[in-house]
S.K.: 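One structure, as structure tokens, below. Some questions next.
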Amino acid sequence: MTATEIEDLLRRLTPQVLGAVVRHYGNFDLAEDATQEALVDALVQWPRDGMPDNPRGWLVAVASRRLTDLLRSEQARRRREETVAGWALTEPAASAADDPGAAAEADDTLVLLFMCCHPSLSAASQIALTLRAVGGLSTAEIARALLGSEHTVTRRITRAKQSVRDSGVPFALPAANALAARLESVLRVLYLIFNEGYASTSGTSLVRVDLAEEAIRLARILRDALPDDSEVSGLLALMLLVHARHRARTANDGSLIPMADQDRNLWDRRLIDEGVTLISAALPRGPTGPYQLQAAISALHDEAESADATDWRQIAALYGVLRGLDDSPIVALNHAVAVSMAAGPQAGLVLLKRLEADSRVNADRRFHAVRGHLLEMAGDRPAALEAYRAASQVATNLQQQRYLSQQIARLSSWGSEDTD
Amino acid sequence: MKYMILTFGSQQHYQELAGLPTSEQPWTHDDWAALADFMGKFNQELLDSGELVETRGLSAPVHTRRVQLQQGAPVITDGPYAEAEEVLAGYWVIECENFDRATEIASRLASCPGPEHVRARAYADVRPIDERQPDFEG
């Protein structure tokens with residue numbers, strides 16, 4: 001095995017090993033340290049001494065030994081400090097190195113995900129802890145990916161581990177009645193990680209660990225554990241179908257290319273096929289949730305031969321259903337665009353009118369930009385120009401501002417040609 | 001040791017970058033492509049050498065809000081800068097051997113492509129970050 005292959009294997013095994021150790025011993029925070037130490041041992045020993053027969057069992061055994069050491073020194077420290085509560089050194093129910101089979105491996109990973117996305121943690125902590133414990137990223141990698149300092153990430157993870165410990169959350173799947181809500185929080189965290197991969201500030205886009213790809217990897221792990229959940233499949237499908245377009249989204253000068261102008265040959269057919277297969281299998285299974293609906297919308301875009309051939313009627317209908325499930329003004333904006341494309345700009349402008357009083361979005365760049373676009377479609381150039389100018393005034397991102405400048409310049413020159 | 005490299009620009013320079021119709025010397029597509037290429041390589045090299053801690057660009061000065069005490073109470077001013085006033089535009093935090101190495105890294109920014117009038121006025125500052133070093137070893 002090459003060093004890279006060993007690293008890949010270790011990353012894949014990390015959540016399983018951590019999950020197994022926590023299941024046997026509890027103490028999530030120390031288990032995490034023990035697992036990291038076992039991984040470091042493996043990185044040193046495997047290339048030198050050769051691969052063990054059962055890498056996962058080897059890691060679990062080493063991590064368990066490390067954890068026992070850590071618990072002992074923790075106990076000693078606590079005795080020294082004369083604290084009341086010491087750690088109860090529980091004996092494992094079975095040898096932790098036993099291979100519990102594929103089902104238990106998937107379960108351990110799943111329970112770990114549920115723990116990292118526990119609702120008592122802030123979203124930022126959930127993200128950092130998930131990337132660390134399930135994704136197996138180092139704190140330095142997480143810091144770089146989230147554009148934060150390593151110090152902050154370390155502190156955030158430490159605090160998160162502490163609050164998991166203090167909350168006394170058992171290392172087990174949530175009860176059936178709480179499962180749906182908890183799964184929703186896991187899906188949201190993975191979706192946030194994915195989106196974070198797309199939210200880059202100018203000049204830094206090239207230096208980020210690819211969070212979108214990491215989110216896809218985590219969503220695959222989740223789907224392996226819950227293959228029958230239609231929203232889990234929907235989320236993975238959505239990520240694949242959006243990520244399929246990523247090479248076509250940016251020009252060589254860093255500017256953003258709207259979907260209608262993208263070179264569709266750059267879209268990744270392999271990802272599109274996989275996403276379409278996933279969402280086609282998930283939708284009839286029901287119940288239909290927001291991730292499946294967004295995946296279905298993305299699939300319709302991805303499968304269109306050209307921008308003109310897009311099935312806007314179907315997309316508008318799907319956004320209509322999505323609005324019933326998701327009150328977000330951004331969904332409402334997208335709905336208005338789709339309705340305009342399907343039924344003409346006036347119908348879309350009527351929908352936008354209802355958002356004018358919505359303080360969540362009526363001062364937002366996107367609201368004004370969409371309004372400009374629809375007004376231009378409707379042939380009202382002066383009003384469109386006004387709307388684009390309003391968008392430009394509140395735009396804080398240089399690339400988005402460049403796009404708006406182009407629209408303003410284009411409409412201004414048309415105006416002067418008309419008066420000639 | 002950690003150092004900060006700072007770059008500066010005025011509202012006017014941002015307008016030129018954004019290609020706002022009001023700007024007299026807007027950046028072209030090719031200017032931007034050259035900049036994106038240079039910055040990508042510059043950052044990637046710092047990342048590969050392990051010296052990059054963090055880098056960010058700031059939005060145009062017009063989006064600034066200033067909070068200031070007036071007669072003992074905080075008062076907020078929107079867009080406190082003059083059009084041509086140069087203010088912080090972006091920064092890198094790097095961790096490297098010493099001040100000379102940090103200066104060497106900052107000097108590479110001198111080859112950053114751009115319209116001539118921009119290159120003529122551009123500069124970068126390097127400043128040590130105030131960190132307490134241990135007084136004694138061991």
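Since this is a predicted model, take the numbers as computed values, not measurements.
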S.K.: Give, as side chain, backbone, both or neither, the part of A/Q393 having an atom under 4.5 angstrom from any heavy atom of chain B.
M.R.: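 It is the backbone, since no side chain atom gets that close.
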S.K.: Heavy-atom cut-off 4.5 Å, strictly under: side chain, backbone, both or neither for B/H63 against chain A?
M.R.: side chain
S.K.: I'd like to know which of B/L17, B/V93, B/L35 tops the heavy-atom pair count under 4.5 Å against chain A.
M.R.: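 Most heavy-atom pairs within the cutoff with chain A belong to B/L17.
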S.K.: Can you tell which part of A/S255 gets under 4.5 Å to a heavy atom of chain B, answering side chain, backbone, both or neither?
M.R.: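 For A/S255, there is no contact with chain B at all, as no heavy atom is under 4.5 Å.
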S.K.: Could you state the interatomic distance from NE2 (B/H29) to CZ (A/R402), rounded to the nearest 0.5 Å?
M.R.: 7.0 Å
S.K.: Just wondering, more than 12 heavy atoms not from B/E97 lying within 6.0 Å of its CD?
M.R.: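 Counting other residues, nucleotides and ligands, CD of B/E97 stays at 12 neighbours or fewer.
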S.K.: Against chain B, label A/A395 side chain, backbone, both or neither, depending on which of its atoms sit under 4.5 Å from a heavy atom there.
M.R.: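 Contact with chain B involves the backbone of A/A395 alone.
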S.K.: If you take all heavy atoms of B/A18 and A/Q401, which pair is closest and at what distance?
M.R.: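 Heavy atoms only, the tightest pair is CB-OE1, 3.5 Å.
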S.K.: Do B/W27 and A/L398 have side-chain heavy atoms sitting under 4.5 Å apart?
M.R.: no
S.K.: In Å and rounded to the nearest 0.5 Å, what is the CD to OG distance from B/Q15 to A/S392?
M.R.: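 Here the interatomic distance stands at 8.0 Å.
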S.K.: When rounded to the nearest 0.5 angstrom, what is the spacing between CG in B/L58 and OG1 in A/T396?
M.R.: 11.0 Å
S.K.: Could you check whether atom CZ of B/R66 has more than 12 heavy atoms from other residues, nucleotides or ligands sitting under 6.0 Å from it?
M.R.: yes
S.K.: Drop me the distance from B/D30's CG to A/D253's CG, to the nearest 0.5 angstrom.
M.R.: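 Answer rounded to 0.5 Å: 8.5 Å.
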S.K.: Which region of B/F42, side chain (C-beta onward) or backbone (N, CA, C, O), has a non-hydrogen atom less than 4.5 Å from a non-hydrogen atom of chain A, or is it both or neither?
M.R.: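 For B/F42, there is no contact with chain A at all, as no heavy atom is under 4.5 Å.
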S.K.: If you compare all heavy atoms of A/S405 against all heavy atoms of B/G19, which two are closest, and at what distance to 0.1 Å?
M.R.: CB-O, 3.1 Å
